[in-house]
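Data first, discussion second: the structure below is written as structure tokens.
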Amino acid sequence: MSHGPLPDRDDQANAAARTGLAAAIDRGLAILNSIIVVFAAIALVAACAILSYSVLSRALFKAANYWQDEAAVFLLVGATFMTAAYVQQNRGHIGIEAFVGLLSPLANKVRLWLVDAATFLFCAFFTWKSWTLAHEAYVDGQVSNSMWSPPLAIPYSLMAFGMSLLCVQILVQLALPFAGAKRS
């Protein structure tokens with residue numbers, strides 16, 4: 001793992017200067033990802049508040065909390081999956097950079113492209129299964145096994161939509177080098 005600028009990555013300032021369809025989609029995704037991150041942050045704060053309320057109400061008032069845990073989990077699932085494209089866009093994932101210094105710049109570009117291609121294949125499969133799961137939950141009217149019984153289509157749809165955004169983000173990152181843009 002490395003901290004600081006890596007030789008195989010360009011700064012975000014180059015991203016604004018790009019033209020073409022892939023660059024336009026990249027800019028659109030950047031705007032959408034920024035909006036989603038704000039809502040995800042609100043969801044995380046809400047999950048913290050719900051869980052804190054749950055603990056206090058149970059400890060102080062012996063109140064039943066049949067909805068708090070599931071509501072917090074739904075918020076956390078949504079925040080996690082919906083922000084996956086943002087993390088990919090900023091290359092914020094954890095990566096092992098042991099080969100960056102050993103390989104030539106061209107070999108690093110090929111390595112990054114191959115890693116992105118393999119990541120896309122995995123994420124595309126995960127996306128397809130997520131949409132299948134969300135569809136089944138919606139059609140069958142599946143609900144959780146709690147007293148609250150919220151529909152399971154909600155977290156499954158958030159998961160599927162977030163993974164779809166991630167796939168689009170990876171596709172754009174795969175296409176940008178072929179459009180003449182530098183990798184970000």
Side-chain angles (χ1 to χ4, degrees), residues 1-4 9 11-13 15-16 24-96 116 119-173 184:
M1 187 166 75
S2 177
H3 302 282
R9 300 209 176 100
D11 62 353
Q12 291 294 329
I25 293 171
D26 193 37
R27 286 190 298 273
L29 280 172
I31 293 167
L32 180 60
N33 287 337
S34 297
I35 293 168
I36 289 171
V37 164
V38 170
F39 284 106
I42 293 168
L44 290 176
V45 170
C48 290
I50 288 170
L51 290 174
S52 297
Y53 167 77
S54 172
V55 169
L56 288 175
S57 66
R58 191 173 29 209
L60 298 177
F61 307 113
K62 309 290 189 245
N65 59 355
Y66 56 89
W67 63 271
Q68 290 94 336
D69 290 341
E70 276 184 318
V73 167
F74 281 26
L75 290 168
L76 292 172
V77 165
T80 300
F81 282 96
M82 293 299 293
T83 57
Y86 175 82
V87 172
Q88 177 66 28
Q89 175 189 18
N90 293 298
R91 300 285 184 178
H93 49 76
I94 296 173
I96 299 171
D116 281 350
T119 302
F120 173 75
L121 291 174
F122 171 79
C123 290
F125 176 75
F126 194 102
T127 300
W128 170 64
K129 293 305 281 181
S130 297
W131 280 114
T132 303
L133 190 62
H135 180 262
E136 287 175 6
Y138 178 75
V139 169
D140 295 344
Q142 296 175 6
V143 295
S144 71
N145 291 330
S146 71
M147 206 163 134
W148 182 33
S149 300
L152 290 175
I154 295 170
Y156 295 161
S157 296
L158 290 170
M159 183 172 62
F161 187 65
M163 290 303 295
S164 297
L165 284 174
L166 178 58
C167 283
V168 171
Q169 182 68 51
I170 294 170
L171 272 178
V172 167
Q173 288 176 331
S184 60

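The basis for the numbers below is simple: all heavy atoms, side chains too, and nothing from hydrogens, waters or symmetry mates.
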For the residue pair [X] and [Y], establish whether any side-chain heavy-atom pair is separated by less than 4.5 Å.
| X | Y | answer |
| --- | --- | --- |
| Leu152 | Val143 | no |
| Leu165 | Tyr86 | no |
| Tyr156 | Gln142 | yes |
| Phe126 | Met159 | yes |

Rounded distance [0.5 Å steps], [atom1] in [X] versus [atom2] in [Y]:
| X | Y | atom1 | atom2 | value |
| --- | --- | --- | --- | --- |
| Ser149 | Tyr66 | OG | OH | 10.5 Å |
| Tyr138 | Ser157 | OH | OG | 9.5 Å |
| Ser130 | Phe125 | OG | CZ | 9.5 Å |
| Thr119 | Gln173 | OG1 | CD | 9.5 Å |
| Asp26 | Ile31 | CG | CD1 | 10.5 Å |
| Leu75 | Thr80 | CG | OG1 | 10.5 Å |

Heavy atoms of other groups near Asn145 CG, more than 12 under 6.0 Å: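 No - once you tally the heavy atoms of other residues, nucleotides and ligands closer than 6.0 Å, there are 12 at most.
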Aromatic ring pairing Phe74/Trp148, orientation class (parallel under 30°, perpendicular over 60°, tilted between):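 The rings of Phe74 and Trp148 sit tilted, inter-plane angle from 30° to 60°.
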Set of residues satisfying side chain to side chain contact (heavy atoms under 4.5 Å, CB included) with respect to Ser54, sequence neighbours excluded: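 Partners of Ser54 under the side chain to side chain contact (heavy atoms under 4.5 Å, CB included) test: Arg58, Asn65, Gln68, Asp69.
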Heavy-atom pair with the smallest gap, counting every atom of [X] and [Y]:
| X | Y | result |
| --- | --- | --- |
| Leu166 | Cys123 | CD2-SG, 3.6 Å |
| Leu158 | Gly78 | CD1-CA, 3.7 Å |
| Ala153 | Ala134 | CB-O, 4.3 Å |
| Ser146 | Pro150 | OG-CD, 4.0 Å |
| Met82 | Gly162 | SD-N, 3.6 Å |
| Trp131 | Ser164 | NE1-OG, 2.6 Å |

Thr127 (side chain) donor-acceptor with Met163 (main chain) under 3.5 angstrom: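 Judged by distance alone, yes, a pair lies under 3.5 Å.
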Chi angles and distances behind the side chain to side chain contact (heavy atoms under 4.5 Å, CB included) call for Asn90, Asn33: CA-CA 10 Å; Asn90 293 298; Asn33 287 337; over 6 Å; no
Test log, rule side chain to side chain contact (heavy atoms under 4.5 Å, CB included), inputs Asp116 and Gln88: CA-CA 10 Å; Asp116 281 350; Gln88 177 66 28; 3.8 Å; yes
